[in-house]
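Here is how names work: the chains are called A, B, and so on, in the same order as the sequence lines, proteins then strands, and each is numbered from 1. Basis for what follows: all heavy atoms, side chains included, without hydrogens, waters or symmetry-related copies.
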There are 2 protein chains.
Amino acid sequence: MPRELPEYHQRVADQNRAAILAAAEALFLDGGYDRTSLARVAENAGVSKATLFKQFPTKASLFEATVLAVGRAPDGVVAAPPPGDLHAGLMALGREYATVLTRPGTAELIRLVIAEAPRFAELRERTFDFGTLPALAALGRYLRAERDAGLVTVDSPETSAAQFLGMIASAVFWPRLVHAGWSIDEEETHRAIEEAVRTMVARLAHTSATPRSGGVGSRGRP
Amino acid sequence: MPRELPEYHQRVADQNRAAILAAAEALFLDGGYDRTSLARVAENAGVSKATLFKQFPTKASLFEATVLAVGRAPDGVVAAPPPGDLHAGLMALGREYATVLTRPGTAELIRLVIAEAPRFAELRERTFDFGTLPALAALGRYLRAERDAGLVTVDSPETSAAQFLGMIASAVFWPRLVHAGWSIDEEETHRAIEEAVRTMVARLAHTSATPRSGGVGSRGRP
DNA sequence: CAGGAGGTGAGTCAAGCGTCTCGCCTCTGT
DNA sequence: ACAGAGGCGAGACGCTTGACTCACCTCCTG
């Protein structure tokens, strides 16, 4: 009995799987986990419930696959600007971070992850990287480069990076989660980033009186 | 006019209402909105389902009443330290803020509000004040006092306050929401606050080159 | 002792997750 | 090239759970 590879079926299955994931993404992001019925997912995907259950044996598995697929999608790595101009470099990285945070769907995704994190262990491990971890890494690399170039005094690049991103996120992102319909216009976003840059520049240009360099806020993965 | 005062019935009703709210608080904070069944709320409260529905005609009304009752409970206003020592003042306020954020139940409450904010308009309006708005107000008052005393140069107390609290919250609170079981020990919390204080001191001591003073991050209420 | 307000327990109805069988489409042996 | 077979997809089904009600009972007030 040859275990032949029916390529056609595989192709159709992949197509359906993609359709299911797309429909599930829209519905999960809109209504949350419990409010989303599998019948509606199948209907919006244009497939039947049996097909759905062939691909994802349980609702939880569909949910995890959906969230991971959405989280994997965005940009992989952020390019660090060349050192030499601290203000310009921080502005560029801050802008990029704010762009990721205010992208449509980001707030809904994070809301979903926060809501269901206690129930899904698999998610807790892998989801912080979505927007913050790459930005944190890029910012750390950039600050290290500036320091190696002898242009700034930074005790712990990780701590400074966490502070910088924290200031931006608190201004442009977190209120959106609590207030739902909240939004901030382009000019206010720009001003928030600029103020964060000013504060960081003040800190990094200031001569360091720190006795030791301790890392904090970079514990994205235990 | 039969505006009689049957005090006994009222008393029993209030007692049951309090028991229901306590049970609902525990269950909602633990399992979220949809995972909490009213039968279990009634059971844990020691009353019958019919009694529950006499007090709260619908599940949504019980939920809103529960969240608002929990949110109203904490400390009302934060006392601002006296001006004179910027480092000490910021440390005190930062510590107090971190204490509120890491208090047991705060993370669960915020998680619940974030998860259900799109569905409950009443909540969206009144819940940001829980921990951040009082701290923001106290910090703004404190920075203004320091400025009036001529000890620091601060363009916008609101912006600086938002930055300071944002740095702390990003280090000690938000990871807890995404990672669920996440926790940070006392020493790391202290170091994060201290680093935030250093950064703010560097910014506020630095001579201001800001052309105009714009407020950002203080839009807690439209 | 009568009236009535509130609590109680047994329901009702709907919705949704997870199967089960039938019909259709594609692939292989001659 | 054609017929049979195997697997996939579609729609109906069961069973549980959970948000809400109705006839009675208990206990206080006047």
Side-chain angles (χ1 to χ4, degrees), chain A residues 1-24 26-28 30-67 115-116 119-120, chain B residues 1-28 30-67 112 115-116 119-120:
Chain A
M1 273 32 104
R3 264 298 64 198
E4 322 261 344
L5 266 272
E7 299 186 23
Y8 185 87
H9 287 318
Q10 188 69 20
R11 199 164 179 83
V12 173
D14 288 353
Q15 210 166 334
N16 282 334
R17 186 187 173 90
I20 290 170
L21 283 176
L27 290 173
F28 276 137
D30 183 58
Y33 183 82
D34 296 283
R35 292 275 175 191
T36 300
S37 87
L38 295 180
R40 220 163 198 137
V41 171
E43 185 187 352
N44 282 23
V47 300
S48 137
K49 276 189 286 180
T51 307
L52 196 157
F53 277 93
K54 287 256 174 73
Q55 293 275 358
F56 305 96
T58 176
K59 188 179 184 181
S61 66
L62 170 64
F63 180 72
E64 293 199 0
T66 302
V67 173
E116 304 301 334
R119 288 193 67 74
F120 294 93
Chain B
M1 292 326 142
R3 215 39 316 243
E4 325 260 341
L5 264 278
E7 299 187 25
Y8 184 86
H9 289 317
Q10 189 71 19
R11 200 168 177 80
V12 174
D14 288 353
Q15 207 166 334
N16 282 336
R17 185 185 175 92
I20 290 169
L21 283 176
E25 173 187 338
L27 290 173
F28 276 138
D30 182 58
Y33 183 82
D34 295 284
R35 292 275 174 192
T36 299
S37 87
L38 295 180
R40 221 162 194 136
V41 172
E43 184 187 351
N44 282 22
V47 301
S48 147
K49 279 185 286 182
T51 306
L52 196 159
F53 278 93
K54 287 253 174 80
Q55 294 276 358
F56 304 97
T58 176
K59 188 179 182 178
S61 67
L62 170 63
F63 180 73
E64 294 199 358
T66 302
V67 174
L112 195 58
E116 305 300 334
R119 291 191 65 75
F120 294 92

Tell me which nucleotide among [options] gets nearest to the side chain of [X].
{"X": "A:Ser48", "options": "C:dT19, D:dA10, C:dT8", "result": "D:dA10"}
{"X": "B:Val47", "options": "D:dA10, D:dC20, C:dT8", "result": "C:dT8"}
{"X": "A:Lys59", "options": "C:dG18, D:dG18, C:dC20", "result": "C:dG18"}
{"X": "B:Ala13", "options": "C:dG7, C:dC17, D:dT21", "result": "C:dG7"}
{"X": "A:Leu38", "options": "C:dG18, D:dG11, C:dG7", "result": "C:dG18"}

Subject >> Gap separating the CD atom of A:Gln55 from the CG atom of A:Leu21, nearest 0.5 angstrom >> reply: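 The CD atom of A:Gln55 sits 8.5 Å away from the CG atom of A:Leu21.
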
Original post:
From A:Thr36 OG1 over to A:Leu27 CG, what is the distance, rounded to the nearest 0.5 angstrom?
Top reply: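 Going from the OG1 atom of A:Thr36 to the CG atom of A:Leu27 covers 5.5 Å.
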
Output the rounded distance in Å from [atom1] ([X]) to [atom2] ([N]).
{"X": "B:Phe28", "N": "D:dA19", "atom1": "CZ", "atom2": "C1'", "answer": "12 Å"}
{"X": "B:Glu43", "N": "C:dT8", "atom1": "CD", "atom2": "C1'", "answer": "15 Å"}
{"X": "B:Asp14", "N": "C:dG6", "atom1": "CG", "atom2": "C1'", "answer": "13 Å"}
{"X": "B:Phe56", "N": "C:dG6", "atom1": "CZ", "atom2": "P", "answer": "15 Å"}
{"X": "B:Ile20", "N": "C:dG6", "atom1": "CD1", "atom2": "P", "answer": "14 Å"}

Original post:
So which one's nearest nucleotide on DNA chain D is more toward 5', A:Lys54 or A:Lys49?
Top reply: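 Its nearest nucleotide being more 5', the pick is A:Lys54.
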
Original post:
Counting any heavy atom closer than 4.0 Å, what does B:Thr51 reach on the DNA or RNA strands: base, sugar-phosphate only, or nothing?
Top reply: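 Contact class for B:Thr51: base.
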
Subject >> Given DNA chain C, 5'-ward residue of the pair A:Asp34 and A:Ala50, judged by closest heavy atom >> reply: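 The residue mapped nearer the 5' terminus is A:Asp34.
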
Original post:
OP1 or OP2 of C:dA15 sitting under 4.0 Å from any side-chain N/O of A:Ser37?
Top reply: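 Negative; the distance criterion is not met.
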
Subject >> Contact under 4.0 Å: B:Asn16 side-chain N or O vs C:dG6 OP1/OP2 >> reply: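 Result: no.
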
Subject >> Distance-minimising heavy-atom pair for A:Thr66 and A:Ala24 >> reply: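 Answer, listing the atom of A:Thr66 first, then A:Ala24: OG1-CB, 3.5 Å.
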
**OP:** Looking only at non-hydrogen atoms, find the nearest pair between A:Asp34 and B:Arg35 and report the distance.
**Re:**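 It is OD1-NE, 3.5 Å.
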
**OP:** Check step by step if side-chain contact (heavy atoms from CB on, under 4.5 Å) holds for A:Val67 and A:Tyr33.
**Re:** CA-CA 11 Å; A:Val67 173; A:Tyr33 183 82; over 6 Å; no

